[in-house]
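Only one structure is covered here, and it is reproduced in the block below.
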4 protein chains.
Amino acid sequence: MVADPDTPLRADARRNRDQIIAAAKQVFLDQGPDVPMEVIARRAGVGVGTLYRRFPDRESLILAVSRRNFEEVVTEARAAAAEEPTAWAAIVRLLQRSRGLKLSVQLAVLSPLARAILRDDETTQEFRAEIMLILDELVRGAQAEGSMRRDVGAGDVAVLCSLLLMDLPLEDLSDLVLDRALAVMIDGLRATSQSPLPGRPITGEDLRIR
Amino acid sequence: MVADPDTPLRADARRNRDQIIAAAKQVFLDQGPDVPMEVIARRAGVGVGTLYRRFPDRESLILAVSRRNFEEVVTEARAAAAEEPTAWAAIVRLLQRSRGLKLSVQLAVLSPLARAILRDDETTQEFRAEIMLILDELVRGAQAEGSMRRDVGAGDVAVLCSLLLMDLPLEDLSDLVLDRALAVMIDGLRATSQSPLPGRPITGEDLRIR
Amino acid sequence: MVADPDTPLRADARRNRDQIIAAAKQVFLDQGPDVPMEVIARRAGVGVGTLYRRFPDRESLILAVSRRNFEEVVTEARAAAAEEPTAWAAIVRLLQRSRGLKLSVQLAVLSPLARAILRDDETTQEFRAEIMLILDELVRGAQAEGSMRRDVGAGDVAVLCSLLLMDLPLEDLSDLVLDRALAVMIDGLRATSQSPLPGRPITGEDLRIR
Amino acid sequence: MVADPDTPLRADARRNRDQIIAAAKQVFLDQGPDVPMEVIARRAGVGVGTLYRRFPDRESLILAVSRRNFEEVVTEARAAAAEEPTAWAAIVRLLQRSRGLKLSVQLAVLSPLARAILRDDETTQEFRAEIMLILDELVRGAQAEGSMRRDVGAGDVAVLCSLLLMDLPLEDLSDLVLDRALAVMIDGLRATSQSPLPGRPITGEDLRIR
DNA sequence: TATGAATGAGTCTTCATTCAT
DNA sequence: AATGAATGAAGACTCATTCAT
């Protein structure tokens, strides 16, 4: 018998659930989205049975991990928008922090399965929309401030963000290397940049997972 | 039992071998490096047995696909260096064309297995070294020309290249979106860019697969 | 993922494990060590998955079957030594009973794979050493009693024993035929035998699996 | 198109056939009756295609190897009967030489497939009958000479012979060990042996492969 | 409720046999 | 006629998911 989804879980059950999501996140990052369920269960310190009680199949686990991750992106974006003195600073901060959000993007990018799941999940789409909304506002702000070139849209920034999430197999150097790539991108985004970009600004809507 | 690698293949066998590599490339791009061998065989129009006769295991198939791909990168890099009037133009062309070279990078990036295989393959390492050599010369040239900022190395450019190879799930828009990201990066690489990059220039050696 | 070998198995799991070993013994005797794992699993009344959970590969199953069998040989040898009035009688009994121990020997003799496995297994080597120890004592005893010829060693007796384990394709007659061969051997082992044996007595050590 | 079986093969074809049989014999001895056909073909220095032209399937190859081997046994038995001064000496010689005839017996003993093939092959049965005929005469002769115990039959001797063909995994020692086991058996077969054998003498007919 | 045992479908890989060169 | 390439059926093994304890 499965609990009514609306009934809040008992405290220990919730803790259990959280452990599993955290473990799955770790393991997905380490070994990709194809790890055996048993490995995830072990990492969470539970049996497979328990895992399956919480998440009836792999799909729903991926979904849970991903939603949580998106939630964090939203939080981060809100904080950046609220706390930074200028929109440009908020964008730079978002680009810098995005590496911590790696997982969701990786899941969407690497695993056709995960992609399909996320595409069809309304909650995820709402998170995405929310993020793009914030970003859009920031981009306009930064352009108004005169710090950001006018031929980019929120979508362009989101794409650069996503690119930085690629998992380069460089071990120690990975952070430095990506920091530098980011710095190049930021310079390229500045209002002083010269060559016009091809096409038209990319919007958040353009990036809806398909 | 596989034929002595030094004996030239019979005409039909060679044709088959090429078809298999081409099919594998397609299928790896479409579905990642974990596709059933059967799928690859079918796509190549042969039975699994034939596939296994040519490539005794998945590993050696990945290797073959990857080597061929690296070879193409080397060719492309040489051509860019030889044909473009300036080093800067050659680099821009390389960055623009890199998308066609997606597969090797994806394999190295996405699949721990593939990564390990490539890491241990001498031929691949030689291709890599060759590419980095050309790129290094181009970067120095572009810096001497005054078109490229002086605080980047060949490794930095290679990283930007790799980032552009990410397989964004955008379908039609994918090309435009990446063209724009590339344009941002190119602007960021120009000699006129302002903020100094963190750390030190990344060299080709820094990027050896580990 | 297999349970920690030190954790005692759940009751049902242990029962299952025993069934599998018993089934494997039967099937190995009937059809040799190359039978499909599926056949063994079916005979044990379980699915292949269960078989593989208990024995991660064919090797470890062979090992388990073989160890259990050796254990029985040791037990039998001890009982013979303890219960028979004379050492000669104990040896005769061992030779007579050895047919029941057929499997271990057959595995070692018939299958290069099995042979290699047993050779490298310490537990098996200990069983073997124990058996040879008992046999050595019996042989000396029987020689002291004046019933056994003095130019044979424990190894010689063990070899005769092994020879009797050959699986002659005779069906009904098999037992009689081997009983008679055994009786011939026993007569040949008596102290009254005439022609000296070639070489030197074979020891247990001489027969270590190589 | 396959040659009429009655037409004698052309000289090179015959040589070919002989090479294959010789190679198969070697490989069967080394690796058992389950070796890949390709391995046999390679050892014979031909392609699989050629092998299959001569022997339409594994069955007929096993048969050919086995027949040739039986032929040699017959020859050897005839020679022993003709050349030795006494029947007892001929039997001893046969027992001593039997190790060279190992293969046929091993095939019959080790491989259920081979067993079935030989059982159904008339030629093989004729060879067997011929051998048993010679042996029977020798046994009667040796008993008449007073050298062999009277309670054994040709079948008993054949069984002892077969037992000696077991392939003990002892490497260097193997010959000595079996020579000694044989000597014990010979002593057990002498007219002076004491304890009566169980049952009745085993005849050649008793040993027909079933 | 938590656990981990059992199941079997799915994939990899080998090899007997057939067929094109 | 000889060769070795191609094929697919068969067996090994893994792992998602279900179920007994």
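Order of the sequence lines fixes the chain letters, A, B, ..., with proteins taken first and strands second; residue numbering starts at 1 for each chain. We use all heavy atoms of the structure for the numbers below, so side chains are in, but hydrogens, waters and symmetry mates are not.
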Rounded to whole angstroms, how far apart are [atom1] on [X] and [atom2] on [N]?
| X | N | atom1 | atom2 | value |
| --- | --- | --- | --- | --- |
| I62(A) | dA16(F) | CD1 | P | 11 Å |
| R17(A) | dT1(E) | CZ | P | 16 Å |
| I40(B) | dT11(E) | CD1 | C1' | 12 Å |
| I20(B) | dA5(F) | CD1 | P | 12 Å |
| Q31(B) | dT11(E) | CD | C1' | 14 Å |
| N16(C) | dC19(F) | CG | P | 17 Å |
| R54(D) | dT3(F) | CZ | P | 10 Å |
| F55(D) | dT18(E) | CZ | P | 16 Å |

Answer yes or no: is there a donor N or O on one side and an acceptor on the other, between the side chain of [X] and the main chain of [Y], under 3.5 Å?
| X | Y | answer |
| --- | --- | --- |
| N16(D) | Q19(D) | no |
| R58(C) | P33(C) | yes |
| N69(B) | E72(B) | no |
| R67(A) | L118(A) | no |

Which part of the nucleic acid, if any, lies within reach of V35(C) when heavy atoms closer than 4.0 Å are counted: base, sugar-phosphate only, or nothing?
->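 If one applies the 4.0 Å heavy-atom cut-off, V35(C) turns out to touch the sugar-phosphate alone, with no base involved.
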Extract from the structure each pairing of a protein N or O with an N or O of nucleotides 13-15 of chain E at less than 3.5 Å, listing the distance.
{"from": "dT13(E)", "atom 1": "OP2", "to": "Y52(B)", "atom 2": "OH", "distance (Å)": "2.6"}

Looking at side-chain heavy atoms only, is the closest gap between [X] and [Y] below 4.5 Å?
| X | Y | value |
| --- | --- | --- |
| I62(C) | F28(C) | yes |
| Q26(C) | V65(C) | no |
| L63(C) | T124(C) | yes |

Considering every strand shown, what is the Watson-Crick or G-U wobble mate of dT21(E) when both distances are under 3.5 Å?
->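 When the pairing criteria are applied, dA2(F) turns out to be the nucleotide that pairs with dT21(E).
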Counting only Watson-Crick or G-U wobble pairs whose two distances fall under 3.5 Å, which nucleotide matches dA16(E)?
->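 Base-paired to dT7(F).
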Is the distance from OP1 or OP2 of dG8(F) to the nearest side-chain N or O of R42(B) less than 4.0 Å?
->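 R42(B) to dG8(F) OP1/OP2: side-chain N or O found under 4.0 Å.
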Hey, which sits more toward the 5' end of DNA chain E by its nearest nucleotide, G45(A) or G47(C)?
->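 The answer here is G45(A).
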Can you figure out which of dA2(F), dA6(E), dT1(E) approaches the side chain of R53(A) most closely?
->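 Closest nucleotide to the R53(A) side chain: dT1(E).
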